> 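After the structure tokens below, expect a handful of questions from me.
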2 protein chains.
Amino acid sequence: MRRSQQDRSRGTKAALTAAARALFAARGYDAVPADEIVRAAGVTRGALYHHYADKKALFRDVVVGLEAEITAEIRTAMTSAPDLPTGIAAALTAFLDACARPEVRQVSLLDAPRVLGWSDWRAIEAEFGLALLIEAFTLATDAGLVRPQPVGVLSRLILSALTEAALLIADADDPAQIRAQAEQALGTWIAGLIG
Amino acid sequence: MRRSQQDRSRGTKAALTAAARALFAARGYDAVPADEIVRAAGVTRGALYHHYADKKALFRDVVVGLEAEITAEIRTAMTSAPDLPTGIAAALTAFLDACARPEVRQVSLLDAPRVLGWSDWRAIEAEFGLALLIEAFTLATDAGLVRPQPVGVLSRLILSALTEAALLIADADDPAQIRAQAEQALGTWIAGLIG
DNA sequence: AAGTCTTACATACATACGGTATGTATGTAA
DNA sequence: TTACATACATACCGTATGTATGTAAGACTT
């Protein structure tokens with residue numbers, strides 16, 4: 001059986017991103033040498049630098065994949081709920097769960113801003129997580145749940161608070177308690193937006 | 001004139017942190033080789049590794065110094081106001097101004113979490129910025145401006161939103177507009193805490 | 001189907017950085 | 001003033017990234 005060049009490329013890129021994702025998640029971006037990634041992926045440095053300009057480009061691919069994945073999860077949680085308010089609540093839960101995963105925490109929250117640069121990272125976030133948040137916001141506004149207002153900046157502030165909450169929970173000795181406090185604080189905030 | 005050993009140490013450490021701070025601020029932690037730092041400080045690698053365990057330890061010293069500096073500025077802004085509400089407003093302004101400085105943005109907000117590790121960075125933040133925020137919160141609670149509540153988690157969420165706002169403003173094409181939106185959003189949040 | 005071109009990879013190498021080991025000068029105390 | 005500790009300088013080593021070069025495997029052309 002003859003594999004096409006496209007298939008070959010897809011296969012090795014997938015192997016590289018999968019290996020890189022696991023290693024980056026476990027030890028962080030620059031604690032993982034490219035050698036180890038290619039070894040885990042069953043290829044050599046040649047393959048890596050053929051498909052990616054540099055190590056950072058591979059990392060970016062990992063981040064985008066991860067972001068796409070968790071955004072899909074959250075979107076599913078939100079849209080599969082019977083009504084919008086419970087959907088939003090479910091989305092919040094799904095978000096906190098996603099951020100609690102070590103790979104998300106390490107790769108997407110800790111490494112990404114610095115490795116990719118803040119503005120590039122922000123662009124990725126805007127494409128995925130922020131887009132979802134603004135979507136939810138718009139739905140809520142249309143449903144009359146919150147009063148109309150410029151949502152761009154507000155969404156980013158909320159997203160950062162959500163992210164911070166997720167990190168706090170992940171790092172806490174008593175996650176349940178911290179999560180309760182965080183959800184209460186965030187709930188109060190959201191409630192204040194209704195009017 | 002004979003300089004004591006303490007004076008020598010203080011001098012070279014100060015030269016190292018000053019040089020490192022400027023270089024880290026301009027180009028980021030790992031874009032700056034230690035060689036360049038020691039050259040700028042007028043010493044050699046020997047001096048660096050005599051006083052600091054590694055490059056990261058020097059960076060940490062820079063972060064702590066920076067944090068102490070801006071916290072002092074903000075505290076001054078807050079306490080030198082005639083009353084608490086205007087003091088808090090002044091503190092907010094001072095905070096946003098501080099975060100807008102490139103060195104704070106790069107060193108303290110972008111590099112620090114990853115280079116030092118999130119929990120160590122969090123500890124530094126807790127000692128300076130967060131402590132100030134909680135202090136303000138407690139004052140406001142005592143003055144009856146906000147209702148009593150657990151402030152630890154809430155303060156962190158607010159701090160992260162404040163920080164995000166500062167980054168957004170620093171990165172915006174139209175800083176004034178973004179700043180206005182951010183202050184409005186934050187103001188609404190704070191207002192919701194009263195009662 | 002033979003030859004040519006292009007893509008996909010492997011290997012070898014150049015370079016740069018961080019950290020250490022060793023040597024030397026300067027201050028300090030018995 | 002002798003014995004020691006502290007503060008630095010220099011030379012070196014290991015390891016990482018990225019590049020240059022070579023090779024094999026599809027993919028067109030005729």
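Everything numeric in this text was worked out from a predicted model, so none of it was measured. Here is how names work: the chains are called A, B, and so on, in the same order as the sequence lines, proteins then strands, and each is numbered from 1.
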> Give a yes or no answer on whether the side chain of B/W121 reaches the backbone of B/S108 with a donor-acceptor pair at less than 3.5 Å.
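At least one qualifying donor-acceptor pair exists.
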> For residues A/E73 and A/F95, determine if any side-chain heavy atom of one lies less than 4.5 Å from a side-chain heavy atom of the other.
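With C-beta onward as the side chain, the pair stays apart.
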> I'd like to know whether A/R122 forms a salt bridge (Lys or Arg N to Asp or Glu O under 4.0 Å) with A/E127, so could you lay out the CA-CA distance, the side-chain angles of the two residues, the decisive distance to 0.1 Å, and finally the verdict.
CA-CA 9 Å; A/R122 205 194 133 202; A/E127 193 182 338; over 6 Å; no
> Is any side-chain heavy atom of B/R179 less than 4.5 Å from a side-chain heavy atom of B/T93?
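In short, these two side chains touch, coming nearer than 4.5 Å.
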> Both conditions, 6.0 Å and 45 degrees, for the charged tip of B/K13 above the ring of B/Y52: are they met here?
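Yes.
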> Measuring to OP1 and OP2 of D/dA7, would you say a side-chain N or O of B/T12 lies under 4.0 angstrom away?
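No, B/T12 has no side-chain N/O under 4.0 Å of OP1/OP2 on D/dA7.
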> First locate atom CD of A/E183, then atom CG of A/L162, and finally report the distance between them rounded to the nearest 0.5 Å.
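If we round to the nearest 0.5 Å, A/E183:CD and A/L162:CG are 10.0 Å apart.
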> Can you tell if the side chain of A/R101 reaches within under 4.5 Å of the side chain of A/I70, non-hydrogen atoms only?
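Yes, close enough: below the 4.5 Å cut-off.
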> Hey, can you pull the residues of residues 47-62 of chain A with a non-hydrogen atom under 4.0 angstrom from DNA chain C?
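Output list: A/A47, A/H50, A/H51.
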> When you measure from every atom of DNA chain C, which of residues 21-42 of chain A have a heavy atom less than 4.0 Å away?
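Result for residues 21-42 of chain A: none.
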> Using whole Å, what does the distance between atom P of nucleotide C/dA8 and atom CZ of A/R10 come to?
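Atom-to-atom, A/R10 to C/dA8, this comes out as 12 Å.
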> Applying a 3.5 Å limit to both distances, which nucleotide forms a Watson-Crick or G-U wobble pair with D/dA16?
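Looking at the geometry, D/dA16 pairs with C/dT15.
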> Considering only side-chain heavy atoms of B/S9, which listed nucleotide, D/dA7, C/dA8, C/dG18, is closest?
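Closest nucleotide among those given: D/dA7.
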> For C/dA30, which nucleotide in any strand shown is its Watson-Crick or wobble partner with both distances under 3.5 Å?
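The base-pairing partner of C/dA30, which may sit in any strand shown, is D/dT1.
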> So, do A/M78 and A/L132 sit near enough that their side-chain heavy atoms are less than 4.5 Å apart?
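Sidechains of A/L132 and A/M78: in contact.
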